[in-house]
Amino acid sequence: MYNIIDFGAKNDGVTNSTFAVRKAVDECVKNGGGVVYIPYGTYVLASVQIFSNIHFVFEPGAKILGSLNPDDFDERENLNYPLYQDYSHSYFHRSMFWGENVENVSFSGMGIIDMREVWERDSENGEDEWRSRRAVKIISVKEGKNIDITDLKMYNATDLAVYLAGCENVRISGLTMHVNIDGISPDCCKNVVISDCNIVSGDDGIVLKSSYTLNRKQLCENIVVSNCTVSSRMCAIKLGTESNGGFKNIAISNCAVYDTCYTGVALEIADGGEIDGITVSGIVMKNVGTPFIIMLTDRRRAPEDTTIGKIKNIVIDNITATGPYGYIYPIRYTTTLPEGELHNKPLIIASSVIGQPDEKIENISLSNIFLTVPGGGTENDRNIIVPEVPDATPSARANGLTLPASGIYFRHAKNVTLNNVNIYTLKEDAREDMVFDDVDNLKK
């Protein structure tokens, strides 16, 4: 065991203890691995590289504060291959803890990591300009194996909080998060369990990706998400939109979603890749703009040989969504964002299952669905012509803010089975509960 105090760390909440923690890690690595122990107290920290066989253990009451100067953290790495994915999914070193090609790594204990909402400014206007860009991740691992992250509290990150790319055999459990961007993001990962987490996020809560960040196409597969509570400014639980590699064998169950502006559960393919074999069950939602979407587009932000993706073999069962539909919570992108510009209401749009004219979504089963929606749709809404948006970034609003169904809109799909699907409107609505446009082999 390597106590960071023994290597010069100060628990005064002021002194930057980065080099002391790095010394503890180096000594641990030199001796073949072990525990880097963070005792009770408050420490200021910037970037620490992690290595194989290192286990960070927080004593209850231990708290790490991120440095208030983003330049204290490691620079983003130089990459010599094309970047088809978002900026945040391209870099790993600009993090509090980062590692590449590591195995047998864990973070555990009842500790706290507070990044203190530090942003990088995009302009020279300083404090007069509130628009800022994402800054620092909390934990990022590239090409790792046997990664455990358990029981920590994570606050105020201004980039992806936990980002894992190309990792295998991952367990993330018992985290409490209140962060500005995505909460937990497995990208091109295999054999992952995410459970018993409580997440409030300014972007997506739990979001699976299959981007090109590894300079190759790779599946995100064998993933279990269960027993989590999620509130999000965007989507609570999502697959996509980064989808070069695709998603297979994913189970999402027993989660509570609340106060979410956009979508409760989003299953999306935009950049090639395939969704095949997804089960979503036992999800309760309250005050969510759109309960679920299944959407295929052809944005094709991917290598030149990429073709349109596919979505098939989806089971959604035991979903309940209710109101009221109102104020969310004041997550915002910077601490200086004016109060009047908070995104503080759900964007209420019907759920949807939407493919493409030449590539239909197939083998979709919806059962035991109870959606209570605001209603209020007019005759004009009933007759609205929904535009085709083949190259759009998938989202609940991609096909317009109003759909001709009050509950669920289906388009370009085949082999759709419905059993005990119920739509209730709080206000009278002129639209049909469900609308089917170019749907083959519908069973209900």
Side-chain angles (χ1 to χ4, degrees), residues 76-92 100-101 140-145 160 163-168 170 182 185-192 204 207-223 235 238-250 266-278 293-314 352-364 387-395 398-399 411-415 438 440:
R76 294 177 180 86
E77 56 269 45
N78 292 318
L79 301 175
N80 59 2
Y81 50 84
L83 305 182
Y84 298 107
Q85 62 282 346
D86 284 345
Y87 185 81
S88 287
H89 301 89
S90 301
Y91 303 99
F92 296 81
E100 296 185 19
N101 299 297
S140 63
V141 181
K142 184 178 183 180
E143 307 272 24
K145 291 184 179 179
L160 313 179
Y163 179 50
L164 309 174
C167 293
E168 294 185 26
V170 175
D182 295 347
S185 306
D187 190 349
C188 302
C189 288
K190 181 178 181 179
N191 305 335
V192 178
D204 301 319
V207 50
L208 281 57
K209 304 282 187 179
S210 58
S211 76
Y212 207 75
T213 191
L214 304 174
N215 196 28
R216 64 179 185 269
K217 296 178 182 179
Q218 181 165 310
L219 274 170
C220 194
E221 60 180 330
N222 307 337
I223 315 291
C235 299
K238 185 169 83 171
L239 276 61
T241 58
E242 310 281 1
S243 60
N244 297 141
F247 306 89
K248 290 190 177 181
N249 208 27
I250 314 290
L267 310 179
E268 305 171 354
I269 288 285
D271 304 316
E274 180 178 276
I275 286 179
D276 183 4
I278 312 296
I293 64 170
I294 306 172
M295 186 171 292
L296 171 66
T297 69
D298 195 19
R299 180 178 64 178
R300 217 174 296 195
R301 190 170 65 179
E304 290 185 3
D305 62 347
T306 300
T307 59
I308 189 171
K310 299 178 183 293
I311 298 179
K312 61 183 180 180
N313 303 327
I314 310 295
S352 57
V353 178
I354 301 178
Q356 294 295 309
D358 298 325
E359 187 59 60
K360 294 185 176 181
I361 292 173
E362 59 182 303
N363 305 341
I364 307 297
E388 298 279 4
V389 285
D391 58 352
T393 296
S395 75
N399 293 82
R411 187 185 220 178
H412 306 318
K414 62 182 179 181
N415 305 333
D438 187 26
D440 299 334

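Just so it is clear, the structure is predicted and the values come from calculations on it, not from any experiment.
With hydrogens and angles left out, the side-chain atoms of Ser211 and Asp187 include a donor and acceptor closer than 3.5 Å. A donor atom on one side chain and an acceptor atom on the other are found under 3.5 Å apart for Gln85 and Ser90. A donor atom on one side chain and an acceptor atom on the other are not found under 3.5 Å apart for Arg300 and Thr306.
For the atom pair CG of Leu160 and OG of Ser140, the computed distance is 9.0 Å after rounding to the nearest 0.5 Å. With values rounded to the nearest 0.5 angstrom, Asp86 atom CG is found 12.0 Å from Tyr91 atom OH. Taking CD1 of Ile314 as the reference point, atom CG of Asn363 lies at 9.0 Å (rounded to 0.5 Å). Between the CD1 atom in Ile361 and the NZ atom in Lys414 there is a gap of 11.5 Å [rounded to 0.5 Å]. Atom-to-atom distance recorded for Leu296:CG and Ser243:OG is 8.5 Å, nearest 0.5 angstrom.
Ion pair Lys190/Glu143 not flagged as a salt bridge, since none of the NZ, NE, NH1 or NH2 atoms sits closer than 4.0 Å to an Asp/Glu carboxylate oxygen. In this structure, Glu362 does not pair ionically with Lys310, as no charged nitrogen and carboxylate oxygen lie closer than 4.0 Å. A salt bridge links Lys360 with Asp438: the closest approach of a Lys/Arg side-chain nitrogen to an acidic carboxylate oxygen falls below 4.0 angstrom. Contact check on Asp305 versus Lys217 returns a salt bridge, with a Lys/Arg side-chain nitrogen under 4.0 Å from an Asp/Glu carboxylate oxygen.
Side-chain contact check for Leu208 versus Ile250: some heavy-atom pair is nearer than 4.5 Å. With contacts defined as side-chain heavy-atom distances shorter than 4.5 Å, the pair Tyr81/Leu83 qualifies.
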| field | Pair Asp271-Arg299, salt bridge (Lys or Arg N to Asp or Glu O under 4.0 Å): steps then yes or no | value | CA-CA 6 Å; Asp271 304 316; Arg299 180 178 64 178; 2.6 Å; yes

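A perpendicular orientation is assigned to the rings of Tyr84 and Tyr212, their planes being inclined by more than 60° (bins at 30° and 60°).
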